[in-house]
Amino acid sequence: MAMDKYGKEQVEKGVGFEGDLLGTTPANLAALQAMKDEAVSAGGPERIEIQHSLGKLTARERLDLLLDEGSFEEFDMLKTGRTSHLGGGRQYLSDGVVTGHGTIDGREVFVSSQDFTVIGGSLGEAHSEKISKVMDHAVRTGAPYIGINDSGGARIQEGVDALAAYGEIFNRNVRASGVIPQISCIMGPCAGGAVYSPSMTDFTFMVEHSSYMFVTGPHVVKTVIHQDITSEDLGGATVHGRKSGVAHFVLPNDILCLREIRRLINYLPSNNKQKPPLLDLRDPPDRTDPTLDYLVPTDPNQPYDMKILIYSILDGAEFFEVHKQFARNLVIGFGRLGGQTIGLIANQPTVLAGVLDNDASVKGARFVRFCDNFNIPLLCLVDVPGFMPGPDQEHGGIIRHGAKLLFAFIEATVPRITVIVRKAYGGAYLVMNAKHIGADINYAWPTAEIAVLGPRGAAEIIYRREIQSSDDPAGLLAEKESEYRKTFLNPFIAAKRGYVDDVIFPRKTRSRLIRSLQVLEGKESERPPKKHGNIPL
Ligand code: HXC
């Protein structure tokens with residue numbers, strides 16, 4: 001046996017099965033155990049120590065925390081890479097990624113976990129074949145796939161084969177999209193084209209200070225645009241959780257991150273043919289909350305926290321928020337009503353008055369599409385003064401981005417329910433799951449203001465001439481504004497037309513929603529046959 005630079009014994013003729021281990025003699029069983037031990041020891045104690053010193057768990061430790069205790073069944077532990085074009089490369093059992101399946105609260109999931117201690121978790125042919133195998137199993141058996149990423153990217157020594165290997169995974173990401181939930185967890189480097197696999201999955205988790213994602217790293221940035229920037233500032237978890245929206249969830253460490261993935265899985269069905277699992281949180285469906293009658297302030301310009309309403313109506317006040325720090329003017333996430341998972345989309349009056357802008361539109365649209373893919377009913381809580389005005393938003397494509405949210409809602413065939421809490425103005429009224437774009441049941445609170453424009457804008461336009469020629473323009477504007485408010489800004493005109501199905505007592509919102517979900521349980525919706533729609537990307 002030779003020793004490598006870390007003092008670890010190397011099998012001189014490569015690793016693994018050497019052709020003379022046939023039979024179950026004690027010696028052969030011991031040899032088999034030795035091979036497995038070697039696979040488990042991965043890159044060796046020193047590299048594992050480095051991993052721990054960076055606050056990171058190893059690939060196997062991560063799977064231990066992610067999956068129910070003792071449920072992990074490993075595939076391809078004895079698989080190795082075939083060759084190394086640049087020579088000098090040692091072959092490792094498992095080839096830098098641990099793959100297999102296990103359960104989360106008793107439900108089967110398929111997993112891969114890249115092992116940075118083995119050739120930097122880099123991805124070559126064998127590594128990719130292992131990931132592809134579990135992804136194929138996940139699709140065939142209808143179970144979610146969770147990929148833990150901690151990798152230096154394409155294995156440089158394998159050249160174009162490593163690039164081809166990424167292509168295999170990308171293909172599978174797209175084929176599995178909308179069939180099984182796919183979750184990515186970034187727990188180390190994820191650079192170059194490697195970022196595109198996580199970004200095509202449904203949800204991306206990142207860990208603060210130990211993970212980063214970018215298409216070109218700080219070196220290239222310096223060379224091309226002469227800017228100094230750290231990996232953290234360029235593509236750390238905070239940046240992707242707040243600014244780019246690439247990360248749906250940001251957690252402070254590996255342990256909390258893996259626990260959140262387990263929570264998420266609990267809200268989701270295993271595949272697109274199933275409904276999400278029912279979970280009875282023992283919260284009475286007819287529970288009322290009298291404080292909701294006073295949630296909306298009398299001053300229409302005063303904000304209130306939409307999350308008070310969200311936590312009040314959901315079973316057990318449990319809300320699993322998605323994209324918590326990104327586009328906070330729109331709140332999205334999962335909760336349960338009467339035990340059933342729902343996808344919630346709500347304007348947040350405390351942030352930018354709950355206006356819809358580019359980021360909020362894209363955030364909402366992708367979430368709506370996910371819920372529709374996986375049979376999760378949609379609940380929309382509306383308090384929206386409109387779309388964000390101004391050149392920044394217009395030039396940034398608010399027409400395209402707003403259209404995404406509109407398209408996504410109209411396309412969705414799952415049960416769709418809306419509650420208009422306060423403002424619902426103009427195009428944003430329609431986009432936020434109005435009756436006219438196919439929502440099934442629409443309610444309004446007595447505080448709802450459903451109109452084409454807000455009172456000031458409306459009065460200024462309608463009475464411009466009178467106001468201009470008035471001796472007291474400010475007084476006349478205020479008078480006309482008040483008149484408009486009394487005439488138009490209520491839910492009753494919409495109720496008369498049947499555009500809202502009822503004006504409800506805020507305190508009874510929860511029970512009305514639960515009954516609505518029950519009645520929509522068997523909803524069927526026909527769509528003309530087509531390959532796919534052309535959402536304005
Ligand atoms: C082969 C790699 C590797 C890679 C790391 N290693 N990345 N080996 N291919 N891509 C090896 C290192 O040689 C080292 O081996 C061990 O992994 C640990 O790496 P270190 O550099 O010591 O770790 P650290 O200092 O933490 O730096 C991590 C790193 C750096 C920032 C990720 O390793 C790095 O920059 N790697 C290259 C990143 C890269 O450019 N990848 C290609 C991206 S493009 P030893 O034996 O010395 O310990 C891409 C295209 C995808 O991936 C295309 C899809 C279409």
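One-based numbering, in listed order, for ligands and for the atoms of each.
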Within ligand 1, which atoms have a heavy atom of [X] less than 4.0 Å away?
| X | answer |
| --- | --- |
| Ile119 | 2 (C), 6 (N), 8 (N), 11 (C), 17 (O) |
| Ala191 | 52 (O) |
| Ala194 | 51 (C) |
| Arg47 | 45 (P), 46 (O), 48 (O) |
| Leu163 | 53 (C) |

Can any side-chain N or O of Arg336 pair as donor or acceptor with the backbone N or O of Thr341 at less than 3.5 Å? no
Taking Lys130 for its side chain and Lys79 for its backbone only, find out whether a donor-acceptor pair lies under 3.5 Å.
-> no
Between ligand 1 and [X], is the shortest N or O to N or O distance under 3.5 Å?
| X | result |
| --- | --- |
| Gly120 | yes |
| Gly152 | yes |
| Gly192 | no |

Can a salt bridge be assigned to the pair Asp254 and Lys56 using a cut-off of 4.0 Å between side-chain N and carboxylate O? no
Closest to atom 31 (C) of ligand 1 by heavy-atom distance, out of Tyr196, Tyr212, Phe116, is Tyr212
Looking at Ser197, Ala165, Ala154, Ser231, the heavy atom closest to atom 49 (C) of ligand 1 belongs to Ala154
Sorted by chain and number, sequence neighbours left out, salt bridge (charged side-chain N to carboxylate O under 4.0 Å, His left out) with Arg416 holds for none
Phe374 meets the ring-ring contact (aromatic ring centres under 6.0 Å, His included) criterion, sequence neighbours left out, with Phe370
